[in-house]
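Letters A, B, ... are given to chains in the order of the sequence lines, protein chains preceding strands, and every chain is numbered from 1.
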Protein chains: 2
Amino acid sequence: MTELSPSLEALVAELGKLPGIGRKTALRLGLHLLLQAGRTRELAAALLRAAEHCRFCQKCGNLGEDELCPICRNPARDAGLICVVEQVPDLLAIERVGEYRGVYHVLGGVLSPLDGVGPEQLRLAELERRVGGGPVREVVLATSATVEGDATALYLQRLLQGGALRISRLARGLPSGGSLESADQLTLARALDGRERLS
Amino acid sequence: MTELSPSLEALVAELGKLPGIGRKTALRLGLHLLLQAGRTRELAAALLRAAEHCRFCQKCGNLGEDELCPICRNPARDAGLICVVEQVPDLLAIERVGEYRGVYHVLGGVLSPLDGVGPEQLRLAELERRVGGGPVREVVLATSATVEGDATALYLQRLLQGGALRISRLARGLPSGGSLESADQLTLARALDGRERLS
């Protein structure tokens with residue numbers, strides 16, 4: 001079998017380290033880039049620019065280009081309301097809704113002992129410090145509706161509770177547009193448990 | 001809605017130009033890279049090395065690092081047998097079988113008028129020159145078993161036929177391991193048409 005040329009092999013190996021990209025896809029991406037002269041260098045330049053300029057917000061862990069991210073710098077945002085999310089894409093998803101006016105705290109993952117992620121691996125001390133040090137009224141736990149997300153929320157609840165701090169969790173129930181028939185048992189059970197009284 | 005930082009936005013835009021990668025995946029990949037310090041620069045370095053060193057074989061269009069690719073340079077390969085493929089991954093797939101001892105010709109695509117790919121966009125003149133100029137006994141048309149692949153093979157057959165040149169096409173039939181029941185009508189029809197007499 002013919003080997004790839006050394007530099008292509010190295011590129012395929014690097015691309016193959018990306019999440020969800022296997023060797024076959026990595027080879028396809030690598031060839032695609034090399035087939036279009038200039039694209040390879042453009043992507044490399046974008047990567048280097050991002051590596052140079054992007055940094056994590058010292059306060060919330062969001063990505064920005066300064067010490068504090070645009071959300072933490074924005075005086076119109078309510079610093080008394082902290083929404084705790086797993087990763088930056090979760091923050092972006094909530095921002096897309098356009099209704100949330102508080103600030104965020106990015107944990108950097110969920111508790112997952114099997115994957116070696118314990119409390120020390122997440123940005124928990126920073127969160128405790130923020131909650132303890134400022135006029136924080138409410139913490140919204142917006143981890144995923146998964147076993148790990150629930151466990152992390154429970155851990156955070158125990159860690160933070162006390163005083164007048166309100167701790168909340170995103171609502172669980174039927175997803176909008178979802179039919180009752182196609183909902184799984186757990187979703188339906190949570191929707192029943194959390195039923196809202198109308199009158 | 002919060003905008004991404006300019007350098008991250010530029011990176012996501014570049015990643016999103018890759019085939020099969022939408023904006024959401026591009027954002028996930030970009031964040032993944034930035035979360036692991038050093039990985040972004042390593043990928044950029046691999047891209048630059050590949051852009052600098054990789055080049056297409058002057059003869060067959062395969063990717064290598066010299067004027068001629070390792071296959072064209074190999075005196076043990078039969079230069080009288082040319083296998084015509086669409087793209088470099090197809091060549092690699094045939095090499096993986098490990099039985100083919102001839103050389104290749106990479107077209108760079110298939111005829112597809114709707115996508116603006118005509119004969120001028122493919123490496124057809126180079127193929128004609130190779131077939132006309134050397135002791136080529138046989139050309140194996142190994143384009144895909146698709147409408148475009150078949151049309152390209154037919155075009156090549158008409159372009160090249162004449163003299164003692166043998167032109168062949170990859171066999172069509174049931175895929176190995178495929179059940180008859182699950183085979184589509186066209187595959188089954190081709191398998192019947194091409195049935196081999198056993199006795």
Rounding to 0.5 Å, atoms CD1 (B/I21) and OG1 (A/T25) come to a distance of 8.5 Å

Q. Do A/I82 and A/L124 belong to the same hydrophobic cluster, where Ile, Leu, Val, Met, Phe, Trp and Tyr are linked whenever their side-chain heavy atoms lie under 4.5 Å apart, directly or via other members?
A. yes

Inset, instruction - Determine, using the 4.5 Å side-chain heavy-atom cutoff (strictly less than), whether B/L159 and B/V84 are members of one ILVMFWY cluster. - result: yes

Give a yes or no on this: more than 12 heavy atoms of other residues, nucleotides or ligands lie within 6.0 Å of atom CZ of B/R166.
no

query = Does CD belonging to A/E99 count more than 12 external heavy atoms closer than 6.0 Å?
reply = no

Of the listed A/R41, A/R55, A/Q36, A/H53, the one with the largest count of heavy-atom pairs under 4.5 Å with chain B is A/R41

Are B/V103 and B/L165 connected in a single hydrophobic cluster, I mean Ile/Leu/Val/Met/Phe/Trp/Tyr linked by side-chain heavy atoms less than 4.5 Å apart? yes

- Within a radius of less than 6.0 Å around CD of A/Q185, do more than 12 heavy atoms belonging to other residues, nucleotides or ligands occur? no

Given A/L34, A/L63, A/L27, the one with more heavy-atom pairs under 4.5 angstrom with chain B than any other is A/L34

| message | With a 4.5 Å cut-off on side-chain heavy-atom distances among I, L, V, M, F, W and Y, is there a chain of contacts connecting A/I167 to A/V110? | response | no

Is there a chain of hydrophobic side chains (I, L, V, M, F, W, Y, each step under 4.5 Å between heavy atoms) that links B/L4 to A/V88? yes

Only residue of A/E52, A/R49, A/E65 satisfying side-chain hydrogen bond (donor to acceptor under 3.5 Å, both in side chains) with B/S7 is A/E65

Note: vs chain A, highest number of non-hydrogen pairs under 4.5 angstrom among B/A50, B/A10, B/G64, B/P19 is B/P19

Okay, B/R28 and chain A: the region with an atom under 4.5 Å from a heavy atom over there is side chain

When rounded to the nearest 0.5 Å, the distance separating CG of B/L47 from CD of A/E42 is 11.5 Å

When the 4.5 angstrom heavy-atom criterion is applied to A/Q87 and chain B, the contacting part is side chain

CG of A/L31 to CG of B/L92, rounded to nearest 0.5 Å, is 7.0 Å

Shortest non-hydrogen pair, B/K17 vs A/H32, comes out as O-NE2, 4.1 Å

Bottom line for B/L43: the part with an atom under 4.5 Å from chain A's heavy atoms is both

What one should report as the nearest heavy-atom pair of A/L35 and B/F56 is CD2-CZ, 3.5 Å

